[in-house]
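Side-chain atoms are counted along with the backbone in the values below, which use heavy atoms only and exclude waters and symmetry mates.
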There are 2 protein chains.
Amino acid sequence: MQSNDYENCFQIINMNNELDIFVDYLKQHNLRCTPQRNLILKIFLEMEGHVTVEDLHKKIRPEDPTIGIATLYRTMKLLIDAGLVEMHNFNDKTTYERLYMVKHHDHLICQICNKTVEFEHPLIEKYQQEVCDQHEFDLKSHRMELIGFCNECKK
Amino acid sequence: MQSNDYENCFQIINMNNELDIFVDYLKQHNLRCTPQRNLILKIFLEMEGHVTVEDLHKKIRPEDPTIGIATLYRTMKLLIDAGLVEMHNFNDKTTYERLYMVKHHDHLICQICNKTVEFEHPLIEKYQQEVCDQHEFDLKSHRMELIGFCNECKK
DNA sequence: TTATATATTGAGACCCATTATCAATATCAA
DNA sequence: TTGATATTGATAATGGGTCTCAATATATAA
Ligand SMILES: [Mn+2]
Ligand SMILES: [Mn+2]
Ligand SMILES: [Zn+2]
Ligand SMILES: [Zn+2]
């Protein structure tokens with residue numbers, strides 16, 4: 001075990017929640033830890049599911065009415081880069097979803113009522129990797145959305 | 001075989017190319033067959049792969065410099081509704097791709113150079129249907145994009 | 001602590017793909 | 001040919017997202 005292994009070890013032990021990871025990410029990239037960034041992450045983590053910037057802005061205003069919309073966009077981008085958040089674009093609407101420590105899943109999307117159902121299918125994931133291997137692609141992420149009518153709307 | 005089966009049969013026989021389908025779609029929806037719409041479809045079909053509105057506009061100008069950009073957007077939407085075209089949104093760029101009489105495929109997308117590789121995997125398609133069946137979803141379409149580094153860019 | 005370099009912020013201007021408006025024109029069925 | 005109505009292109013408007021910039025906050029070294 002070499003010195004940077006010790007460091008990695010130390011990091012892993014302490015990286016048991018999103019705030020730690022975010023702070024660590026900021027440090028590693030020579031970015032600064034600010035109350036705005038912390039607050040945005042805190043509020044975001046209190047929200048469930050697929051969150052729009054507008055949702056987030058509304059929820060944050062009571063705690064800090066001065067926070068600017070640009071800072072929201074900037075911070076969400078950082079959270080994505082830090083691997084904590086993923087961005088969706090269902091039905092032409094941008095939403096953000098917690099990613100870290102949450103089981104990966106894909107989405108069924110109803111094109112009538114916009115309801116989404118989350119699922120995961122290990123074999124699909126496996127074959128996705130196979131396809132990438134065949135094409136010598138280094139798979140980093142994927143997007144899979146199954147679009148149709150939900151059980152309510154298909155009636 | 002009942003009378004509407006005859007009709008269906010008749011339609012299928014005559015729907016052997018995109019123009020016929022488009023004309024039929026227009027008729028069925030009380031929309032009008034115009035030179036602009038026909039030209040847009042014709043030029044689009046002459047183009048390969050993933051086409052942007054800008055590409056299409058450039059290619060059309062020589063044949064009809066008066067055609068408006070709004071008509072392009074409007075017509076592409078009709079072609080999608082007619083089932084002839086599908087819209088993509090890779091790397092935040094909107095493109096259109098021929099759909100009818102072309103084998104279905106999904107995409108590998110390089111996030112460095114934007115190269116796309118087309119593939120299809122019958123088992124993935126099968127499991128997608130299974131997932132939908134389990135959730136009583138009526139699957140109409142899907143989007144699957146595998147994102148990463150292509151063989152060139154991963155070096 | 002203080003000083004310094006530099007990263008961050010919020011306001012508002014800006015961008016740009018797409019859509020809405022509207023008066024003139026084209027289509028099509030009668 | 002006519003008349004109802006769908007379509008068109010020019011252009012204005014929309015809206016999510018980004019950029020700019022001067023004021024401020026943070027981190028680090030002394
Ligand atoms: Mn989800
Ligand atoms: Mn393709
Ligand atoms: Zn539904
Ligand atoms: Zn590449």
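- Cluster annotation: L56(A) and I67(A) are assigned to the same hydrophobic cluster (Ile/Leu/Val/Met/Phe/Trp/Tyr, side-chain heavy-atom contacts under 4.5 Å, transitive).
- Exactly one of H104(B), K103(B), H105(B) qualifies for a side-chain hydrogen bond (donor to acceptor under 3.5 Å, both in side chains) with E118(B). That residue is H105(B).
- Taking atom CG of D64(A) as the reference point, atom P of dT9(C) lies 11 Å away to the nearest angstrom.
- With a heavy-atom cut-off of 4.0 Å to chain A, the contacted part of DNA chain D has its first and last nucleotide at dG16(D) to dA27(D).
- For I60(A) and dT9(C), the CD1 to P distance is 12 Å, given to the nearest whole Å.
- In this structure, N91(A) and C110(A) approach most closely via the heavy-atom pair OD1-O, 4.5 Å.
- The only option from F90(A), F44(A), Y96(A) that meets the ring-ring contact (aromatic ring centres under 6.0 Å, His included) definition with H50(A) turns out to be F90(A).
- Remark: R32(B), C33(B), P35(B) in residues 29-58 of chain B come within less than 4.0 Å of DNA chain C through at least one heavy atom.
- Atom CG of L72(A) is separated from atom P of dG10(C) by 8 Å (rounded to the nearest Å).
- By the 30° and 60° cut-offs, the orientation of the rings of Y127(A) relative to Y127(B) is parallel.
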Restricting to nitrogen or oxygen on both sides, can you table the protein-nucleotides 19-23 of chain C pairs closer than 3.5 Å?
| from | atom 1 | to | atom 2 | distance (Å) |
| --- | --- | --- | --- | --- |
| dT19(C) | OP1 | K77(B) | NZ | 2.9 |
| dT19(C) | OP2 | K77(B) | NZ | 3.3 |

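- Closest heavy-atom contact between L41(B) and L19(B): CD2-CA, 3.8 Å.
- Here K115(A) does not pair with E152(A) in a salt bridge; the nearest charged N to carboxylate O distance is not below 4.0 Å.
- No hydrogens or angles considered: a donor-acceptor pair under 3.5 Å links the side chains of D106(A) and H142(A).
- L78(A) and Y25(A) get closest at one heavy-atom pair: O-CE2, 4.1 Å.
- Using modelled atom types, no side-chain atom of R98(B) and backbone atom of M47(B) make a donor-acceptor pair closer than 3.5 Å.
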